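Worth knowing before you read on, the calculation uses all heavy atoms, side chains too, and leaves out hydrogens, waters and symmetry mates. Just follow the structure's listing: the first ligand is 1, and inside any ligand the first atom is 1. Please read all numbers here as calculations on a predicted model, not as lab measurements.
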Amino acid sequence: MKLIGGNYIAGLLSSEGESTFKGINPLDASELPTDFYEATIEEVNKAATKANEAFAIYGKKSGKEKAGFLDAIADEILNLGDALIDRCCAETGLPVGRITGERGRTMGQLKLFASVLREGSWVDARIDTAIPDRQPVPKPDIRSMQKPLGAVGVFGASNFPLAFSVAGGDTASALASGCPVVIKAHPSHPGTCELIAMAINAAIKKTDMPVGVFSMVHGKSVEVGMAIVNHSLIKAIGFTGSNKGGKAIFDAANKRDEPIPVYAEMGSTNPVFILPNALKERGDEIAEGLTNAVTLGVGQFCTNPGIVFLNEGSISSGFQEKVSNYFEKVEANTMLNEGIKAAFDLGVKNLANNDKVELLAKGNDNSIGFKGTAHVFETTAKNFLKNNSLEEEIFGPSAITITADSKEELLASAKELKGHLTATLFASESDLEDYKDLIEILEQKVGRLIINNFPTGVEVCHSMVHGGPFPATTNSRSTSVGTGAISRFTRPFCYQNFPNHLLPNELKNENPLHIFRIVDGEMTK
Ligand code: NAP
């Protein structure tokens, strides 16, 4: 399968610009074949215009038709076979097993949305029938449901080259809700992006969708991304990536003449609290699990636990020593790209230079290519309370333990936390009784609260919440993983006094789609 290196604008390859770049193999910093053409502003304009034209058709497709399209994308991704796996491993340094698993997750996500569309009740249909003889004024017939917003701009992250990229969660939820997508390909895995774009285009042909429903533009500079954000025909943004990038895009979207919603899913340090009895009973097991969770995939997960709160008993329990022993055995491993490796090295250097922070241990050092060395630090809750920049994400295999002198100090530290994707409690039954107030504090701080599991895995299912208060995201009212994400690119729309034949099938009297609806205050089918 030959890569071309062009932009995919409504089904056509386009390379009008002069600036090109290559994919880089992080294992040895070598350039991979194929020149990728950065999109011009005119190409972004064409993609947005075609997406807007497609919206007039695609936005009206039935749930079954859109489900067929999503299933076809999943099938075409599988049809890419080893070409996809090989290129993706070469561009990311991630192992075959991980990429194969992520491909399955990406396909599963598309198929899960397809099943939601076939069932159909996601539109949240509400019907209030008319009461013409109501006094003192008649009640009109009012019906509402969720409708797609329009063309959506999507940005994927480098660390999930499939599941949070071209056919990842945001693309799946936008297409499921009826919104065309213009995606900014990630420059860290451009060939992978192109292969997935081919699969989506094949699915468009197979299921007879309007060609403008999907476009992909390359860009190694922020101009291309900003051109998407600022385009007047783009009606919402889905972003996964760094806090810096997400905030810049959010601010730009709010400065537009017509501000638009930005769902930016950003970095997080995912605080872990190890409570006294759990520490006493399972300290060694938790230390080993923590080391694995921090260093899994060279720590390049947004759910990687980077900050660990302990109580005063932790020193006497020898927990820090146990963690140090495990960290010292961790091999340095290849990070996704030069920028991520440089940012990681700077982050750990800054922590090491902080005179209130001690380096507990580091893993095997190996500076070849873009390898990252695991680090674990320690400080006190008193220091954390004076300097909560210690909770900022260092993207990679690094964590800091923070020891509180008392329960009160632990709770005070929890209250100081900003927004995160997750928080975790390692706790016995009696710890949970004793620390009910900690649970209440953390409910205000995160999108997912976990007991006795590490936060790294994010199940794709109906009830998952992958989000949280700022700065974990720019919109805490949504999730980027799981079928709940379908509503991020929709808005409620209301029909008043419409004749039955003009209503969408979802709201017709006879309920032809057999979906769950609230009719005159009662859930019915
Ligand atoms: P990134 O550097 O922010 O890049 C993400 C995308 O945004 C890229 O296409 C990038 O393009 C673009 N971009 C970044 N800054 C921009 C700006 N100012 N203007 C316009 N476009 C901009 O993030 P990354 O390094 O790929 O991913 C790692 C980060 O993602 C980590 O912080 C991780 O925690 C986070 N992450 C979060 C989640 C989640 O669900 N919350 C999931 C996975 C990863 P250029 O490279 O061309 O600038």
Side-chain angles (χ1 to χ4, degrees), residues 19 21 24 26 36 38-39 44 91-92 102 105 153-166 168-170 173 182-190 193 216-230 237-253 262-270 297-306 335-344 347 370 392-396 398 419-422 446-448 455-456 458 460 464-476 478-482 485 488:
S19 168
F21 65 97
I24 303 290
F36 293 91
E38 267 207 73
V44 173
E91 287 183 331
T92 60
E102 195 177 319
R105 178 194 175 98
V154 172
F155 295 72
S158 58
N159 62 328
F160 279 97
L162 299 173
F164 282 91
S165 193
V166 177
D170 277 335
S173 54
V182 176
I183 181 144
K184 154 82 172 36
H186 201 294
S188 195
H189 52 265
C193 290
M216 183 190 80
V217 289
H218 288 290
K220 225 188 162 177
S221 60
V222 297
E223 282 77 19
V224 174
M226 281 302 176
I228 297 175
V229 176
N230 286 318
I237 298 289
F239 170 95
T240 312
S242 63
N243 292 69
K244 198 166 146 234
K247 184 66 168 51
I249 285 168
F250 176 77
D251 289 343
V262 174
Y263 295 95
E265 305 291 326
M266 303 180 285
S268 178
T269 358
N270 307 297
V298 210
Q300 300 169 116
F301 289 109
C302 50
T303 47
N304 166 310
M335 302 194 80
L336 290 156
N337 59 50
E338 193 172 13
I340 283 185
K341 153 83 175 146
F344 175 69
F370 306 149
E392 279 168 20
E393 182 189 48
I394 298 174
F395 190 60
S398 159
H420 291 267
L421 294 168
T422 72
V446 303
R448 180 165 57 112
T456 350
V458 184
V460 180
M464 177 49 69
V465 174
H466 189 61
F470 183 83
T473 76
T474 52
N475 190 327
S476 64
S478 176
T479 173
S480 72
V481 176
R488 56 182 21 198

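Of the inter-residue distances, the one linking T92 atom OG1 with M335 atom CE reads 12.5 Å to the nearest 0.5 angstrom. Once rounded to the nearest 0.5 Å, the distance linking CD1 of I228 with CZ of F155 reads 5.0 Å. Note that the CD atom of E265 and the CG atom of L421 stand 7.0 Å from one another [nearest 0.5 Å].
The shortest N or O to N or O distance between N243 and ligand 1 is not below 3.5 Å. On a distance-only criterion, M266 and ligand 1 share at least one N/O pair closer than 3.5 Å. Below 3.5 Å of separation, one finds an N or O of S158 facing an N or O of ligand 1.
A donor-acceptor contact under 3.5 angstrom links the side chains of N270 and S268, judged on distance only. Using a 3.5 Å distance cut-off with no hydrogens or angles, the side chains of S478 and R488 do pair a donor with an acceptor. With 3.5 Å as the limit, one finds a donor-acceptor pair spanning the side chains of S165 and H189. Counted by atom type alone, E392 and T269 present zero donor-acceptor pairs between their side chains at under 3.5 Å.
The nearest heavy-atom contact from the protein to atom 33 (C) of ligand 1 is F395 CE1, 3.4 Å. In terms of protein heavy-atom proximity, atom 10 (C) of ligand 1 is closest to K184 NZ, 3.9 Å. Closest protein heavy atom to atom 46 (O) of ligand 1: P187 CG, 3.4 Å. Ranking the protein heavy atoms by distance from atom 34 (O) of ligand 1 puts E393 OE2, 2.6 Å first. Regarding atom 37 (C) of ligand 1, its nearest protein heavy-atom neighbour is C302 CB, 3.3 Å. For atom 17 (C) of ligand 1, the nearest non-hydrogen atom of the protein is V222 CG1, 3.5 Å. At the top of the distance list for atom 44 (C) of ligand 1, counting protein heavy atoms only, stands N159 OD1, 3.0 Å. Nearest protein neighbour of atom 3 (O) of ligand 1, counting heavy atoms only, is S242 OG, 2.6 Å.
The closest approach between any non-hydrogen atom of G156 and ligand 1 is below 4.0 Å. Taking 4.0 Å as the cut-off, F239 counts as a neighbour of ligand 1 on heavy-atom distance.
When each atom of ligand 1 is checked for a heavy atom of A248 under 4.0 Å away, the hits are 18 (N). The G267 neighbourhood of ligand 1 comprises atoms 32 (O), 34 (O), with distances under 4.0 Å to a heavy atom of that residue. Less than 4.0 angstrom separates some heavy atom of M226 from each of these atoms of ligand 1: 19 (N). Close approach of ligand 1 to K220 (heavy-atom distance below 4.0 Å) involves ligand atoms 47 (O). Taking every non-hydrogen atom of I340 and a distance limit under 4.0 Å, the qualifying atoms of ligand 1 come out as 25 (O). Applying the 4.0 Å criterion to heavy atoms of G219 picks out, from ligand 1, the atoms 47 (O).
With a 4.0 Å heavy-atom cut-off, ligand 1 is reached by no atom of V229. The proximity of L336 to ligand 1, defined as any non-hydrogen pair under 4.0 Å, does not occur for either the backbone or the side chain.
Taking 4.5 Å as the limit, some side-chain heavy atom of M464 sits within range of a side-chain heavy atom of R448. Side-chain contact between T303 and H420 is absent, with no heavy-atom pair separated by less than 4.5 Å. Two residues are said to be in side-chain contact when any heavy atoms from C-beta on lie closer than 4.5 Å; Y263 and D170 fail this criterion.
Two rings, from F160 and F301, have their centers less than 6.0 Å apart.
For the residues G396, G241, G245, G168, the heavy atom positioned nearest atom 35 (C) of ligand 1 is part of G241.
For N337, the side chain to side chain donor-acceptor pair (under 3.5 Å) partners are S188, not counting sequence neighbours.
Panel note: side chain N159, backbone Q300; a donor-acceptor pair is recorded below 3.5 Å.
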